[in-house]
Amino acid sequence: MNIFRLTGDLSHLLAILILLWKIWKTRSCSGISGRSQILFATVYTARYLDLFTNFVSVYNSVMKIIFIAAAFATLYLIYVKFKATYDRNHDTFRIEFLLAPCALLALILNHEFTILEVLWTFSIYLESVAILPQLFLVSKTGEAETITSHYLFALGSYRALYLLNWIYRYYFEGFFDLIAIVAGIVQTVLYCDFFYLYITRVIKGRALKLPA
Amino acid sequence: KKQTIIKDEL
């Protein structure tokens with residue numbers, strides 16, 4: 001464990017908690033893409049199946065349980081509890097165009113052709129594009145609530161911190177996983193546009209409005 | 001090349 005990975009995980013945890021808090025407090029999931037949340041729940045389910053087979057550490061297991069539980073709790077809030085506030089008309093990104101290619105690529109490009117490894121690879125590829133429906137929703141509505149932009153900033157930062165973690169691990173442990181690194185770069189690059197808007201607008205107290 | 005890395009990352 002290193003500082004980059006720890007702050008990355010905490011940033012990830014913060015993002016998930018901010019999202020739950022926003023929906024619960026405002027009793028509304030407006031501006032939130034349910035489709036992205038479906039993808040995230042899929043990512044965690046596919047990736048954390050080893051939760052019961054190989055124990056890494058208490059921290060690792062606890063975080064996995066929290067991520068899976070929070071993902072499904074968010075889905076419940078969006079599609080059941082506060083369904084009336086779900087922005088169905090704008091949340092239209094075709095996630096099958098993300099799921100199928102990621103599944104295909106995971107079958108072709110992986111470290112080992114075993115169930116757990118292919119599912120892990122699928123979750124890595126899917127996570128790199130899982131935010132697209134959310135970014136698409138923000139671009140369609142042309143704006144995002146400030147709390148939602150904090151959620152996106154924390155979520156985008158987590159994988160950027162993981163990139164630093166991989167650089168650290170490469171130099172100090174000789175460890176690297178090309179699949180995770182390439183997908184992590186793609187994932188972080190997708191946030192760049194949002195990071196720019198967040199830094200130039202939200203930090204200065206102005207609302208996150210996309211230039212029309 | 002098979003990388004038998006233990007998955008210790010989240």
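The shown structure was predicted, so the numbers you read here are calculated from the model rather than taken from an experiment.
- The environment of OH in A:Tyr196 is sparse: at most 12 heavy-atom neighbours from other residues, nucleotides or ligands sit within 6.0 Å.
- Within a 6.0 Å sphere centred on CD1 of A:Ile108, heavy atoms belonging to other residues, nucleotides or ligands number more than 12.
- For A:Tyr79, the OH atom sits in a packed shell: over 12 heavy atoms of surrounding residues, nucleotides or ligands are nearer than 6.0 Å.
- Nearest heavy atoms, A:Tyr162 versus B:Leu10: OH-N, 3.4 Å.
- At least one side-chain heavy atom of A:Asn165 sits under 4.5 Å from a side-chain heavy atom of B:Glu9.
- From B:Lys7, atom NZ reaches atom CG of A:Asn54 across 9.5 Å, with rounding to the nearest 0.5 Å.
- Contacts of residues 27-50 of chain A with chain B at a heavy-atom distance below 4.5 Å involve A:Arg47, A:Tyr48, A:Asp50, listed in sequence order.
- Residues of residues 166-174 of chain A lying under 4.5 angstrom from chain B, judged on non-hydrogen atoms, are A:Trp166, A:Arg169 by number.
- Of all heavy-atom pairs spanning A:Arg5 and B:Asp8, the tightest one is NH1-O, 3.0 Å.
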